[in-house]
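Working notes, structure below.
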Amino acid sequence: MSMLDKLRGHLPEPCFDGKTIWIDGEWRAARQGSTFTNVSPIDGSRLFDVARGQEEDVDAAVAPAKATAPAWHAIGGAARARILRALAMAIRNAAASLGLAETIDAGRPIALTGASGPQRAADLVEFYAGLADKISGRVYDMPAGQSASMVREPYGVIAAITPWNYPLSNALTKLAPILACGNTVVLKPAEQTPLVTMILPELLRKAGMPDGVVNVVTGLGQEAGVALVSHPDVELISFTGSTETGRRIAALAGEHLKGVVLELGGKSPFVVFDDADIDRAADAAVFTTFMNQGQTCTSCSRIIVQRNVLDDFLARCRAKLAKVRFGDPLDPMTQVGPVVSKQQMDRITRLTDGIVPVPLDLDCFRPTDGGYFVKPLIAVDFDPESAFARSEIFGPAMSIRTFDDDAEAFRLANDTEYGLAGSCWTSSLARAEMAKSSIQAGVIWINCVHVLTPAVPVSGHKSSGIGIEYGIDAVEQYMRVKSVVTLASGWTSPFA
Ligand code: ADP
């Protein structure tokens, strides 16, 4: 059965005819009728002719978002919370379809997309549902006869532009806080992975979301993406993706004086001291580097290990990697699938070209025919100024450097333009405290990695972003502040 046939019954019928743009409760083709093809990274087969939205499609999507914004705010937080809770339930019920779509589209193993992915996405939506009716302002202490208060108001229409590495989670990490505080949305998913966002509209409808509050425009970054960022009625852009594209979006948004929330790239450090539990550290290093084929912005694949434990640590990493099951992501036993696209495969190959890898036992590496697989790589010997050492590879590549003393460890940890995440392994409380204060990053994991809940915020430092994802604090950035001052006693002009 072809990958496309496997999807029948899981995606809305109009999407199979190129109607993948969702505006005001209706599936539509692009106004000009143009499409682009998306393929499955599992076998390179053609999946969908996806509507290639352009400026006029963006105009058509922003109009209902603008029209419905006042009413969506006016129903109040409790009513919005009810709808978001129903959405979380609908996501849980649709886990099988969401998982299959994400696996076929992005290559993430079904063991992750089919159960835990939708579960985590639903938890996140519930977290923000819980905040929707708790939005509040402030009242200030003023002299008698005067009052002053501040209220928070939604912006109106917000554009959410998302990448391809975790399509469901990327979309809901934006939508949930944006909607909870009463904004409406136009979502543009990545061109490589539009399938999950073809399922979402039906779930929103089941949850009772009014038409027009969420609209989806499929299309290319240079066309639909740029049109969204420059649209006069889009008040703020929430983007997750590469630092390069984030810079371009921020520059264009700057011209229009719009706000941006940017969750960008990383090249996160993983520091291993000689007093650490080396076996656990090796487990974590292999997981953070190779899960999702390295296509995780918070991946801590830049390993910095104390020289006297390098041999032990490396031997353990090699042994653990030899047991990781790379292969067909539709097989429930698979732990790592293909990378998302041929372009991404070529990019990783370019960045790792000429790097001398440590010999690895790759018996468990079983690529599918035509699948976009990249062999895992561990390198110890490389130029620290090379693109391999400095760029975000977004692929299955671990770089290892050594240090002799604590100061050097933290200097190397921060020797990057990025600051998204960091992981530090030690049994010393003093070193753990030092890691907390020294590593410049939005989230630091001590003796663990990738432990996140919806409540824990992540905010990129340096070139890793502006603004916050997850947590209570993500809500306020999607609202403006308005102050109101009242004088009951009558106002006298200083000119009088
Ligand atoms: P990658 O380089 O890893 O493919 P990007 O960061 O370029 O990822 O893309 C992430 C998202 O940003 C995608 O939805 C893409 O279509 C969109 N995008 C790309 N370029 C632009 C742009 N100039 N303006 C707005 N959106 C863009």
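Remember, it's 1-based here, ligands and their atoms both numbered in the order they're listed. Fair warning: this is a prediction, and the values are worked out from it, not measured in the lab.
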List the closest protein heavy-atom neighbour of [atom]: residue, atom name, distance to the nearest 0.1 Å.
atom                    : result
atom 20 (N) of ligand 1 : T245 CG2, 3.3 Å
atom 17 (C) of ligand 1 : I161 CG2, 3.6 Å
atom 22 (C) of ligand 1 : G221 O, 3.7 Å

For [X], which part has a heavy atom under 4.0 Å from ligand 1: side chain, backbone, both, or neither?
X    : result
I249 : side chain
F239 : side chain
A224 : neither
E244 : neither
E191 : side chain

Original post:
Do R248 and E244 sit within salt-bridge range, that is, some charged N less than 4.0 Å from a carboxylate O?
Top reply: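 E244 and R248: salt-bridged.
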**OP:** Would you tell me which option among L220, T193, V226, T218 has the nearest heavy-atom contact to atom 23 (N) of ligand 1?
**Re:**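 That would be V226.
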Which atoms of ligand 1 have any heavy atom of [X] under 4.0 Å away?
X    : value
P189 : 14 (O)
S242 : 2 (O), 5 (P), 6 (O), 7 (O)
G241 : 6 (O)
W164 : 1 (P), 3 (O), 4 (O)
Q192 : 4 (O)

Original post:
Roughly how far, to the nearest 0.5 Å, is the CD1 atom of I104 from the CG atom of L195?
Top reply: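 Spacing of CG (L195) from CD1 (I104) equals 8.0 Å.
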Determine whether the side chains of [X] and [Y] contain a donor N or O and an acceptor N or O closer than 3.5 Å.
X    : Y    : result
Y166 : T296 : yes
E469 : T240 : yes
Y478 : S238 : yes
S2   : D5   : yes
T243 : S463 : no
T20  : T218 : yes
D105 : N38  : yes

Original post:
Should T162 be counted as touching ligand 1, given the test is an N or O pair under 3.5 Å?
Top reply: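 Yes; the residue has a nitrogen or oxygen that sits under 3.5 Å from a nitrogen or oxygen of the ligand.
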**OP:** If the plane angle is over 60° it's perpendicular, under 30° parallel, otherwise tilted; pick one for H450 and F287.
**Re:**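 Judged by the thresholds at 30° and 60°, the geometry between H450 and F287 is perpendicular.
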